[in-house]
Amino acid sequence: MNNKSKLTISIINILLCAAIALLTGFLMNDWGLLVRIAFFGVSAAGIIATAVTFFLDKQAILKSALILLIVAAFFLASFILVGEVWHINDYENDEDKIKAIVKMIENTGAWGIAVFLIIQILQVVILPLPAAICYIPGALIWGSLVGTLLASAGVLVGSLINYFIGKVWGKKAVEWIAGKETCDKYSAYFNKKGKVIFVLMQILPFFPDDILCMVAGLTAMNFPFFLAVMILVRPLVIAAYCYVLSGTFIPFEGWGLIVWGVIFIVCIVLAVLSFKYQDRFENWLVEKFGKKNKKEEVSSQETDINSD
């Protein structure tokens with residue numbers, strides 16, 4: 001990313017932050033304090049992320065901030081729209097407002113489910129949206145179990161599309177989408193007998209799961225193994241999001257608010273650390289599991305020699 005592009009994205013980020021803060025301050029007065037704090041927090045986080053980019057030179061932070069701000073602006077506009085047009089603001093508290101919105105979506109029936117599935121597929125293939133933003137609405141509307149199953153189905157279809165993008169259209173297509181440096185780095189990891197590393201990266205947060213699926217299609221990783229990982233691993237991760245972040249285990253009131261505050265701070269710290277130390281962590285994974293692979297190769301070679 002050249003300086004001109006970086007400056008352009010930074011200006012867009014700052015404008016979005018200002019718009020979110022102003023709209024929240026002037027048009028969200030009928031909503032509770034927690035909702036307004038969430039939008040103000042996103043605005044503040046966007047400004048901080050944009051400023052940090054110039055000091056750490058982390059382009060991923062700048063792009064991620066842009067995506068987060070666009071999503072936040074979309075949700076803010078949706079809240080304002082349903083509040084004014086469908087009179088959601090007439091309800092006394094946020095809980096009743098959310099229930100009314102959920103009821104509206106439930107009344108769409110199969111159409112609502114179809115739209116949710118399409119969003120899951122698009123967020124894997126085209127839209128690099130944060131996972132929680134895509135999974136949680138399904139859990140809140142249809143329940144944690146159904147939300148998990150619907151999200152898993154959409155993610156599975158999207159992941160298969162990504163795998164075949166790499167397998168059919170090849171390296172140039174993946175490089176155009178993910179960038180040459182990212183493509184080369186993860187291809188090197190997976191080509192070194194990196195099946196275990198691939199599974200771990202699908203489980204651990206802050207790895208580009210969807211890009212990893214494309215890169216997997218470029219490597220010697222066979223389709224049955226890839227499909228097994230997607231079926232067995234991804235639903236478990238999605239279930240964790242749906243059950244934990246939907247309020248099933250930790251309520252959005254009372255003591256739960258304190259826990260959510262701590263979780264939010266921990267996630268911010270982990271996000272910063274992941275951007276700063278991700279390369280070191282990835283290298284550690286490769287070295288850790290690469291040693292085992294090297295031993296297997298030596299053992300295999302010795303077996304071949306003895307058999308000769």
Side-chain angles (χ1 to χ4, degrees), residues 12 15-46 66-124 126-155 238 241-248 250-254 256-257 260 264:
I12 294 174
L15 291 175
L16 284 171
C17 289
I20 291 171
L22 290 173
L23 290 173
T24 301
F26 287 103
L27 299 179
M28 292 289 288
N29 292 324
D30 291 319
W31 287 81
L33 181 61
L34 184 61
V35 172
R36 283 179 286 162
I37 287 177
F39 283 114
F40 281 129
V42 170
S43 178
L66 176 61
I67 295 169
L68 177 62
L69 291 169
I70 291 174
V71 172
F74 171 78
F75 275 102
L76 178 60
S78 300
F79 277 33
I80 294 172
L81 181 64
V82 297
E84 296 296 332
V85 177
W86 284 280
H87 306 291
I88 298 298
N89 290 337
D90 293 343
Y91 293 90
E92 293 184 0
N93 53 59
D94 290 351
E95 184 178 358
D96 291 337
K97 290 183 175 71
I98 297 297
K99 286 181 179 178
I101 294 174
V102 169
K103 189 65 177 178
M104 289 170 52
I105 298 174
E106 286 178 341
N107 289 337
T108 61
W111 286 104
I113 293 176
V115 170
F116 182 73
L117 285 171
I118 292 172
I119 291 174
Q120 303 312 309
I121 295 172
L122 292 179
Q123 70 95 3
V124 174
I126 300 175
L127 304 173
L129 300 176
I133 292 176
C134 296
Y135 303 153
I136 302 309
L140 294 175
I141 296 168
W142 295 288
S144 297
L145 177 59
V146 176
T148 296
L149 294 175
L150 291 175
S152 298
V155 169
I238 294 171
Y241 279 107
C242 290
Y243 277 93
V244 175
L245 298 183
S246 65
T248 302
I250 306 174
F252 294 109
E253 58 184 3
L257 295 179
W260 282 117
F264 179 77

Within 6.0 Å of OH in Y243, more than 12 heavy atoms from elsewhere: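 Yes - once you tally the heavy atoms of other residues, nucleotides and ligands closer than 6.0 Å, there are more than 12.
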
Drop me the distance from [X]'s [atom1] to [Y]'s [atom2], to the nearest 0.5 angstrom.
| X | Y | atom1 | atom2 | answer |
| --- | --- | --- | --- | --- |
| L27 | L76 | CG | CG | 8.0 Å |
| Q123 | I67 | CD | CD1 | 11.0 Å |
| I98 | I101 | CD1 | CD1 | 4.5 Å |
| I141 | L150 | CD1 | CG | 10.0 Å |
| L145 | L149 | CG | CG | 5.0 Å |
| D96 | K103 | CG | NZ | 14.0 Å |

Might you point out which heavy atoms bring [X] and [Y] nearest each other, and give the distance in Å?
| X | Y | result |
| --- | --- | --- |
| I238 | A151 | CG2-CB, 3.7 Å |
| F39 | I20 | O-CG2, 3.6 Å |
| C242 | S144 | O-OG, 3.4 Å |
| A72 | V42 | CB-CG1, 3.6 Å |
| A153 | L117 | CB-CD2, 4.2 Å |

State, with a plain yes or no, whether a side-chain heavy atom of [X] is found less than 4.5 Å away from one of [Y].
| X | Y | answer |
| --- | --- | --- |
| I113 | W142 | yes |
| V155 | Y135 | yes |
| Y241 | T148 | no |
| V35 | K97 | no |
| I80 | M28 | yes |

Parallel, tilted or perpendicular: ring planes of W31 versus F79, cut at 30 and 60 degrees: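 Correct class here is parallel.
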
Check: S152 main-chain N/O paired with Q120 side-chain donor or acceptor under 3.5 Å: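 No; judged by distance alone, with no hydrogens or angles, the pair does not exist.
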
